[in-house]
Amino acid sequence: MRLSEFFLPTLKEVPSDAQIISHRLMLRAGMIRQSSAGIYSWLPLGLRVLRKVEKIVREEQDAVGAQEVLMPTIQPADLWKESGRYDDYGAEMLRIKDRHKRELLYGPTNEEQITEIVRAHVRSYKDLPKLLYHIQWKFRDEVRPRFGVMRGREFLMKDTYSFDNSYEEARISYNKMFVAYLRTFARMGLQAIPMVADTGPIGGDLSHEFIILADTGESEVYCHKDLLGFDVMSEEVTDDQSLQLIVDRWTSLYAATDEKHDLSEAEKHGESLLNARGIEVGHIFYFGTKYSEAMKATVSGPQGETIFPEMGSYGIGVSRLVGGLIEAFHDDDGIVWPDAVAPFHIGILNLKSGDSACDQACINLYRSLQTNGIEVLYDDRTERVGAKFADMDLIGVPWQVIIGPRSLKNGVVELKKRATGEREEIALDAVLERFIN
RNA sequence: CGGAGCGUGGCGCAGUCUGGUAGCGCACUUGACUGGGGGUCAAGUGGUCGUAGGUUCAAAUCCUAUCGCUCCGACCA
């Protein structure tokens, strides 16, 4: 992408509405614009990141055998009356009427919808287990939206639903999601810690929140500091037993959110207990037959008996993660994207647009990187160099190739790593090869 | 939902108390000079002062209503 053509409205000054760093940076970097309270438009740069996050989430879901579906944003109220949640959910649920005065709602979550689908099409215990997920926009009419996309009213969520024949099987589904979540966040460079959590209005008796630590986090959390050193990517899952071992390992140390914090239990850990603020990026629940019973979703068992499937639901706030990532990865100059979610991998800075040697060197490199499938943002604008550096740093492109007439005379360019600010001189000819590997 | 505050060009703000030509910085346009970390000079474009009603010779400014947004608290991916 050429920056001169890219729709990237960056801001030098921050809109006064934005209070926390991720919100400020998302506005300044031209990622989002607010539409109304807690509702945002995603501009090209922000959307690229959102898609990358979404892709990682999807890949890890697929990897454990979850199958993607896409359920609607608008749901009939009847479904929610069946489960009993139409009244329970309260004002947070956006209720609407269509032209025939039929009651509808903008889905805040999809337990009812998925249960309806499963009960209509799954008849036998042999059809289970099933893990189904979708990535869809949700709406929750928060009393007080804030922190940009971190607590929006409209947000993109991945929600998975598990259906199993027994508690034992349901635990396996739960474990699969548990580990898939650890991997999902780890791939984005985030250390997410599973913490014992409240089940809230979704109900159930087994639940973990996945929390990333950040000073601006909304919840107060407590955990054993050794958890921060755990690495899920080195763990290998071969069967249900090894899956259980990983879950056991991660749940062996104390970790709880404020609501579930147990003072006497925590005191045993003394010095090793960490008290910090955290951002909830995922939440998994096992809730048994709550919905299958309420909505009469059943399958036939081996003896022809009626089985109410054991269910769980598993959410990742995809749009929130974009904000969470920025909270975790930024410095004074702007965003510092981890490679896995960076909107572009390389930025090219033409320090003298209009100089034929510079232009030629830049365009050649730009094209060859593109040809090799590397996402590259070429700043070909006739801006002052300071503005180019500032913009490239602000939007957080991990690698910057700096091409100017001075060094180009020797066939050399500068390569700057955004995260550390380190620069090295490198032959122009060597840049492509460097990034293909 | 309780408490507080703010709506003036794309962004950041002054002007409101004490009514009288709508202003500043950034951004944007044009030209020139420039060019290794948000440049300099010159000339420009852009505003129903959130909306509606009222008071007044006269309203961004006073009054009333209303809408929107933000912050603090209680709730949540």
Side-chain angles (χ1 to χ4, degrees), chain A residues 9-20 23-24 27-28 30 33-39 57 89-93 107-110 135-160 181 192 197-202 207-212 218-219 257-259 279-285 313-324 332-334 349-355 358 379 381-394 400 402-409 412-414 416 421 423 425:
Chain A
T10 58
L11 260 29
K12 220 190 288 192
E13 278 164 305
V14 200
S16 53
D17 294 351
Q19 298 300 316
I20 67 164
H23 191 194
R24 289 165 176 257
L27 290 168
R28 287 194 52 211
R33 284 295 179 267
Q34 180 163 334
S35 168
S36 61
I39 303 179
V57 170
Y89 219 95
E92 218 174 86
M93 183 155 73
T109 175
N110 289 66
I135 300 173
Q136 178 64 288
W137 291 92
K138 307 290 190 291
F139 191 91
R140 294 183 190 173
D141 200 356
E142 295 282 341
V143 185
R144 185 149 104 80
R146 58 187 129 170
F147 303 148
V149 299
M150 302 265 282
R151 175 159 302 286
R153 293 194 293 169
E154 188 179 63
F155 58 97
L156 187 62
M157 181 164 93
K158 185 284 304 174
D159 38 328
T160 307
Y181 274 37
D198 236 353
T199 50
I202 292 184
S207 175
H208 286 91
E209 281 183 22
F210 288 75
I211 304 276
I212 55 176
E218 285 194 82
S219 21
T257 58
D258 200 23
E259 313 88 70
I279 300 166
E280 181 185 358
V281 288
H283 200 160
I284 62 179
F285 304 86
S313 72
Y314 315 86
I316 290 180
V318 176
S319 48
R320 170 182 287 184
L321 257 175
V322 177
D332 291 345
D333 296 326
L349 281 78
N350 185 341
L351 293 192
K352 195 167 183 181
S353 291
D355 177 277
C358 265
D379 191 346
R381 299 173 302 170
T382 55
E383 297 292 315
R384 200 77 182 180
V385 294
K388 296 192 179 195
F389 279 112
D391 279 340
M392 202 59 86
D393 285 349
L394 173 63
Q400 299 171 11
I402 301 158
I403 300 180
R406 204 175 293 167
S407 58
L408 196 60
K409 267 184 260 170
V412 167
V413 299
E414 253 187 299
K416 178 183 152 190
R423 292 154 172 252
E425 290 212 322

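All of these numbers come straight from a predicted model, not from anything done at the bench.
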Any luck finding a side-chain donor-acceptor pair between [X] and [Y] under 3.5 Å?
X: A:Asp393; Y: A:Gln400; value: yes
X: A:Lys138; Y: A:Ser319; value: no
X: A:Ser407; Y: A:Lys409; value: no

Regarding [X], tell me which of base, sugar-phosphate or nothing describes its non-hydrogen contacts under 4.0 Å with the strands shown.
X: A:Asp159; result: nothing
X: A:Gly152; result: base
X: A:Arg28; result: base

Calculate the interatomic distance between [X] atom [atom1] and [N] atom [atom2]; express it in whole Å.
X: A:Trp137; N: B:A77; atom1: CH2; atom2: P; answer: 17 Å
X: A:Gln19; N: B:G12; atom1: CD; atom2: P; answer: 12 Å
X: A:Leu27; N: B:C69; atom1: CG; atom2: C1'; answer: 13 Å
X: A:Asp333; N: B:G38; atom1: CG; atom2: P; answer: 12 Å
X: A:Asp141; N: B:A77; atom1: CG; atom2: P; answer: 16 Å
X: A:Arg144; N: B:C75; atom1: CZ; atom2: P; answer: 13 Å
X: A:Arg24; N: B:C11; atom1: CZ; atom2: C1'; answer: 13 Å
X: A:Asp258; N: B:G73; atom1: CG; atom2: P; answer: 14 Å

Go through [options] for me and flag the one nearest to the [X] side chain.
X: A:Asp391; options: B:G38, B:U70, B:C75; result: B:G38
X: A:Arg146; options: B:U70, B:C75, B:G37; result: B:C75
X: A:Met157; options: B:C69, B:A77, B:C1; result: B:A77

Using the [atom1] atom in both, what is the distance from [N] to [M], to the nearest Å?
N: B:A74; M: B:U18; atom1: P; result: 39 Å
N: B:C1; M: B:G53; atom1: P; result: 27 Å
N: B:U45; M: B:U64; atom1: P; result: 39 Å
N: B:G73; M: B:A65; atom1: C1'; result: 28 Å
N: B:G50; M: B:G10; atom1: P; result: 13 Å
N: B:A27; M: B:G9; atom1: C1'; result: 11 Å
N: B:G19; M: B:A59; atom1: P; result: 14 Å
N: B:U8; M: B:A4; atom1: C1'; result: 22 Å

Members of residues 10-17 of chain A that approach RNA chain B, where some heavy atom sits under 4.0 Å away = A:Lys12, A:Glu13, A:Val14, A:Pro15, A:Ser16, A:Asp17
Watson-Crick or G-U wobble partner for [N], using a 3.5 Å limit on both distances?
N: B:C62; answer: B:G54
N: B:G44; answer: B:C28
N: B:G35; answer: none
N: B:U18; answer: none
N: B:G7; answer: B:C67
N: B:G73; answer: B:C1

Side-chain N or O of A:Gln400 closer than 4.0 Å to phosphate OP1/OP2 of B:G37 | no
Can we call the ring centroids of A:Phe285 and A:His283 under 6.0 Å apart?
-> yes
Would you check if the side chain of [X] reaches a backbone N or O of [Y] as a donor-acceptor pair within less than 3.5 Å?
X: A:Gln19; Y: A:Ser16; result: yes
X: A:Lys158; Y: A:Tyr314; result: yes
X: A:Tyr89; Y: A:Pro108; result: no
X: A:Arg320; Y: A:Glu280; result: yes
X: A:Arg33; Y: A:Leu27; result: yes

Of A:Gly386 and A:Glu154, whose closest RNA chain B nucleotide lies nearer the 5' terminus?
-> A:Gly386
Determine, for nucleotides 28-36 of chain B in 5'-to-3' order, which nucleotides have protein heavy atoms under 4.0 Å from the base (write B), from only the sugar-phosphate (write S), or from neither (write -).
-> ------BBB
Short N-O contact, A:Lys388 and A:Glu383, less than 4.0 angstrom = no
Ion pair check, A:Asp17 and A:Arg146, cut-off under 4.0 Å | no
Full working for side chain to side chain contact (heavy atoms under 4.5 Å, CB included) between A:Ile316 and A:Leu321 = CA-CA 8 Å; A:Ile316 290 180; A:Leu321 257 175; 3.7 Å; yes
Taking the side chain as every heavy atom from C-beta outward, state whether A:Asp333 and A:Phe389 have any atom pair closer than 4.5 Å.
-> no
Should A:Glu92 and A:Arg153 count as side-chain neighbours, where that means a heavy-atom distance under 4.5 Å?
-> no
Atom pairs under 3.5 Å, N or O on each side, protein against nucleotides 47-50 of chain B: can you list them with distances?
none

